[in-house]
*Asks:* 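Below is one structure. I have some questions about it.
Note on naming: letters A, B, ... go to the chains in the order of the sequence lines (proteins, then strands), and numbering restarts at 1 for each one.
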There are 2 protein chains.
Amino acid sequence: MKKATIKDIAKAAGVSIATVSYILNDVKTQSISDETRVKVLKIAQQLHYVTNRSARSLKLQKTGLIGILLFKDLEPKPWSDLNYVKTLYRIEQLCGERGYHVIFMQIDGEAPSYDMIRERNLDGVFLINVDQERFATISRYFGFGIPVFAVDSHIEDTLFHKIIPDFENGFRSANARLGETPEFLVMDAYNDAELVGIVKRRSGLDEARIHVYESKEGLNAFLSKIPAGSPGIVVNEFLANEVLRTHEHIAVLCTSHYPDIVPAKVAKITYELNEYKQVVDMMDRNIHDADYSNPDKFIYLSVSS
Amino acid sequence: MKKATIKDIAKAAGVSIATVSYILNDVKTQSISDETRVKVLKIAQQLHYVTNRSARSLKLQKTGLIGILLFKDLEPKPWSDLNYVKTLYRIEQLCGERGYHVIFMQIDGEAPSYDMIRERNLDGVFLINVDQERFATISRYFGFGIPVFAVDSHIEDTLFHKIIPDFENGFRSANARLGETPEFLVMDAYNDAELVGIVKRRSGLDEARIHVYESKEGLNAFLSKIPAGSPGIVVNEFLANEVLRTHEHIAVLCTSHYPDIVPAKVAKITYELNEYKQVVDMMDRNIHDADYSNPDKFIYLSVSS
DNA sequence: TTGTATGCGTTATCAA
DNA sequence: TTGATAACGCATACAA
């Protein structure tokens, strides 16, 4: 049993292909008699018609496809997957609500091929965890006006949009929750040196008081030099439990969106995933109006209240 | 700057469209002079030509698209995401190596729309965590000969392939590692009642000695009735740490592929993700030879040695 | 209010 | 060894 096409519907209804297309797409500039409209719609349903996206894409030069490219960590941390998957879920859901379908692809190894992006004619792209170097390579593959968003990455580039947690307000809230000025900061290494620098600067703490996580041993060595009871801040909830063994007076910035793993009594700053709604809307507009350009190149995930 | 097409190459090279297509696709039945071949290939590269998959799909009636549909849990557990994402990564990678692209979609809510499957003409589909009921609905959407694989689900259906951990050998290894007969079993509730039943039966333990996890409180109530020191088995590494507080003599079946979260001293049974290679190969063959049919409807992830 | 005809970029059949 | 050309299924400008 082959799939029904517009032609099949037209034949069954005794009308032309064009008429069927008008009705199915609800084209406003055409006026169709109610009689033929209901007839065609009914037959379409009977034949289980669905539109063939390959054909439609070819015709419209729009595929309705969004790429989510995940750049794998060089040395993966157990928790990074959780962060990424949460982002993936959120974006997929929002794209789905707007009628887009999502192509998911991991970027791995030294010389990955980005052909997919051009072969599939993606309407928009999200890059998760991209670092500066690979970004330079990949950015040559589009820039033909398709909207690109970098998530959890900091890119020195004025052309593309970036989405990162609002560290500035995050630290402000953390300080407020601590009640006193923090004396140390423990943070994740991320994938990208730029992003680490940003977090460091936003924290307002001296370099000497900041520890970038590499290993449990390194972290413990750092903590052993901090007097017990000193107030501190931890960026990334997955590092919090380790710190809590020795230092209880901390506030945690839950940048991985899994606050539940931190004990309830600890001060937690969580982030909204709601900003992605704006982001996907922005992308949507960008796709429809080729000349739409938005000056907000930075989108910050806001601190939950 | 518009994207170059075969036509552009043909014009630039002074040959016909057909010739270019033959060369690019390396069609064996055609013989092409070396001269034109290198000329065309060179121009194609200069123009940064990539094939337009919409057009190719339309013509070939094959899209090179594999769907991975993730059925969200009704009450999600924090660890289930980790399991799913691991599977997603693995399948995407294997599909990518074989030239397929992956469409990822979450299935959620009461009345999800499965139109994507038919609109995009997927070449193959993986269902993750599907339950019996939704499977019945979705199975009507294909069955037009496209290969379907159910992962981490147990479906009463002889038409489709299922992939689940090899519980039988898992329990056998666990028993061996314990050194004595286990006296209790703690396991995850999964999404699907069928799968729970399977695990229970394979364990060989009485119903009264089996606890299906619902909440921490329930688990602790169950454990409080088990004498300390009794040997037991835990299915799913994410439950292990909770059990370990009171019962140390356990063996853990790491069905979520994150064995690292369990302390090193504990007996762990891990599963291979290698079987997915066979699975994707099977799918690949299925796609190319429409009449290929494989009798092995069950694929078990094997226990690591 | 409806129909005809063209083209989107490919692949593949047949002819040259 | 190459080239015209007909589909694939759809959307739409233009005719009727």
*Asks:* Looking only at side-chain N and O atoms, does B/T36 come under 4.0 Å of OP1 or OP2 in D/dT2?
*Replies:*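 So the side chain of B/T36 is within the cut-off, an N or O lying under 4.0 Å from OP1 or OP2 of D/dT2.
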*Asks:* Given that B/L58 and A/R37 both sit by DNA chain C, which one's nearest nucleotide is further toward the 5' end?
*Replies:* A/R37
*Asks:* Quick check: does any side chain N or O of B/S21 sit under 3.5 Å from a backbone N or O of B/I17, one acting as donor and the other as acceptor?
*Replies:* no
*Asks:* Considering just the side-chain nitrogens and oxygens of B/Q61, establish if one lies under 4.0 Å of OP1 or OP2 belonging to D/dG9.
*Replies:* yes
*Asks:* Compare side-chain N and O positions of A/S16 against OP1 and OP2 of C/dT4 and report whether any pair is under 4.0 Å apart.
*Replies:*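 For A/S16, the contact criterion (side-chain N or O under 4.0 Å from OP1 or OP2 of C/dT4) is not met.
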*Asks:* Can you tell me how far C1' of D/dC10 sits from CG of B/N121, to the nearest Å?
*Replies:*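 Distance, rounded to whole Å: 13 Å.
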*Asks:* Nearest-nucleotide wise, let me know which of B/N25 and A/L60 is further upstream toward the 5' end of DNA chain C.
*Replies:*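 This one resolves to A/L60.
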*Asks:* Under 4.0 Å, counting only non-hydrogen atoms across every strand here, what does A/V15 touch: a base, just sugar-phosphate, or nothing?
*Replies:*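 Counting heavy atoms under 4.0 Å across all strands, the contact made by A/V15 is with sugar-phosphate only.
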*Asks:* Which part of the nucleic acid, if any, lies within reach of B/T5 when heavy atoms closer than 4.0 Å are counted: base, sugar-phosphate only, or nothing?
*Replies:*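 Counting heavy atoms under 4.0 Å across all strands, the contact made by B/T5 is with sugar-phosphate only.
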*Asks:* Select one nucleotide: of D/dA11, C/dG3, C/dT11, the one nearest the side-chain heavy atoms of B/R56.
*Replies:*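 Looking only at heavy atoms from C-beta outward on B/R56, the closest nucleotide is C/dT11.
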*Asks:* Would you indicate, yes or no, if C/dT11 has its OP1 or OP2 atom less than 4.0 angstrom from a side-chain nitrogen or oxygen of B/S21?
*Replies:*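 Checking C/dT11 against B/S21, a side-chain N or O does come within under 4.0 Å of OP1 or OP2.
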*Asks:* In whole Å, I'd like the distance from the NZ atom of B/K39 to the C1' atom of D/dT1.
*Replies:* 13 Å
*Asks:* What is the separation between atom CG on B/D8 and atom P on C/dG9, rounded to the nearest whole Å?
*Replies:* 8 Å
*Asks:* Rounded to whole Å, how long is the line connecting atom NZ of B/K62 with atom C1' of C/dG9?
*Replies:*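 It is 19 Å, rounded to the nearest whole Å.
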*Asks:* Can you find a donor-acceptor N/O pair under 3.5 angstrom joining the side chain of A/Q30 to the base of C/dT2?
*Replies:*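 Yes, the side chain and the base share a sub-3.5 Å donor-acceptor pair.
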*Asks:* With nearest nucleotide decided by heavy atoms, which residue, A/I6 or B/G14, maps closer to the 5′ end of DNA chain D?
*Replies:* B/G14
*Asks:* Do A/K72's NZ or CZ and the ring of B/Y89 fall within the cation-pi criteria of under 6.0 Å and 45°?
*Replies:* yes
*Asks:* If I take atom NZ in residue B/K7 and atom C1' in nucleotide C/dG7, what distance separates them, rounded to the nearest angstrom?
*Replies:* 9 Å
*Asks:* CG of A/N52 versus P of C/dC8: gap in Å, rounded?
*Replies:* 18 Å
*Asks:* For B/D152 and B/Y84, test the side chains for any donor-to-acceptor distance below 3.5 angstrom and give the result as yes or no.
*Replies:*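 Checked: B/D152/B/Y84 side chains show no N/O donor-acceptor pair below 3.5 Å.
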*Asks:* Between A/F135 and A/F160, is the ring centroid distance below 6.0 Å?
*Replies:*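 When the ring centroids of A/F135 and A/F160 are compared, they turn out to be within the sub-6.0 Å range.
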*Asks:* Side chain of A/T19 only, please: which of C/dT2, C/dC14, C/dT10 is the nearest?
*Replies:*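 Of the candidates, C/dT2 comes closest.
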*Asks:* Check A/D281 with A/R98, please: is the shortest side-chain N to carboxylate O separation under 4.0 Å?
*Replies:*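 Yes, A/R98 and A/D281 are salt-bridged.
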*Asks:* So does A/Y22 reach the base of C/dG3 with its side chain, donor to acceptor, closer than 3.5 Å?
*Replies:* yes
*Asks:* For D/dA7, does the base pair up with any side-chain atom of B/K59 as donor and acceptor (N or O, under 3.5 Å, distance only)?
*Replies:* yes
*Asks:* Atom CD1 of A/I23 to atom C1' of C/dT2: distance rounded to whole Å?
*Replies:*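 My rounded result for the distance is 10 Å.
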*Asks:* Measure CD1/A/I32 against P/D/dA11 and give the value in whole Å, please.
*Replies:* 14 Å
*Asks:* When you check the phosphate oxygens OP1 and OP2 of D/dT2, does a side-chain N or O of B/S33 lie under 4.0 Å from one of them?
*Replies:*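 Yes.
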*Asks:* Verify the distance criterion only: is there a donor paired with an acceptor across the side chains of A/N83 and A/S80 at less than 3.5 Å?
*Replies:*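 No, no side-chain donor-acceptor contact under 3.5 Å.
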